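For reference, the structure is listed below as structure tokens.
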Amino acid sequence: EKQDAFLSYEAYLTNFPNLQVAVIDAAVAREAATIRAATGLPMPDAMQLAAAAIFGVDLIVTNEKRWREHPRYPTVIQLSRFLDPDTRDT
């Protein structure tokens, strides 16, 4: 059952339009450590922001509200803004 869930998730991610799965290498790991030290964000969040910074991503769509507090990194758009156009939480 877990294997089926994994395969389903993997297929979804590898076939999602305009999504690039980043390879985590030493440069991304160093940037993630820098982000975590500077922001206190959990390492999984820091890794995503680091990969975005290293790969030149301009915009991230997420549900994570803490990310937008760190303007040095790519622009963060809350997913809820797309789901509810009246959302004022920017």
Side-chain angles (χ1 to χ4, degrees):
E1 185 172 291
K2 288 183 181 183
Q3 182 67 20
D4 290 340
F6 169 79
L7 292 173
S8 178
Y9 189 64
E10 181 181 44
Y12 176 77
L13 289 176
T14 56
N15 293 300
F16 196 88
N18 301 311
L19 177 71
Q20 177 184 355
V21 177
V23 174
I24 304 301
D25 61 9
V28 175
R30 276 192 298 276
E31 181 69 11
T34 300
I35 291 169
R36 178 159 167 67
T39 66
L41 288 171
M43 187 52 83
D45 294 346
M47 293 292 277
Q48 291 177 63
L49 287 170
I54 295 290
F55 288 96
V57 170
D58 296 321
L59 176 74
I60 295 177
V61 178
T62 182
N63 287 323
E64 183 55 65
K65 292 180 181 176
R66 293 175 296 172
W67 290 8
R68 61 181 183 191
E69 298 170 8
H70 308 288
R72 172 180 170 221
Y73 306 106
T75 301
V76 175
I77 301 293
Q78 293 301 128
L79 182 59
S80 62
R81 296 206 54 185
F82 291 99
L83 301 174
D84 180 3
D86 294 326
T87 300
R88 302 285 184 240
D89 186 25
T90 59

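Keep in mind it's a predicted model, so treat the numbers as computed, not measured.
The 12-atom threshold is exceeded at CG of Asp25, counting heavy atoms of other residues, nucleotides or ligands nearer than 6.0 Å.
Nearest approach of Ala22 to Ala51, heavy atoms of both residues: CB-CB, 4.0 Å. Leu41 and Arg36 make their closest contact through O-NH1, 2.7 Å (heavy atoms, listed as atom of the first residue, atom of the second, distance). Shortest non-hydrogen contact noted between Val28 and Phe55 is CG2-CE1, 4.2 Å.
Placement of Ile54 and Met47 within a single hydrophobic cluster is found when ILVMFWY residues are connected by side-chain heavy-atom separations under 4.5 Å, directly or transitively. There is a path of hydrophobic side-chain contacts, each under 4.5 Å, that joins Phe16 to Leu13. Transitive grouping of hydrophobic side chains (ILVMFWY, heavy atoms separated by less than 4.5 Å) brings Val57 and Leu49 into a common cluster. Leu7 and Tyr12 are not part of a single hydrophobic cluster, where members link through side-chain heavy atoms under 4.5 Å apart.
Between the CD1 atom of Ile24 and the CD atom of Glu31 there is a distance of 11.5 Å, given to the nearest 0.5 Å. With values rounded to the nearest 0.5 angstrom, Asn15 atom CG is found 9.5 Å from Glu10 atom CD.
Counting only distance, with no hydrogens or angles, the side chain of Ser8 and the backbone of Asp4 share no donor-acceptor pair below 3.5 Å.
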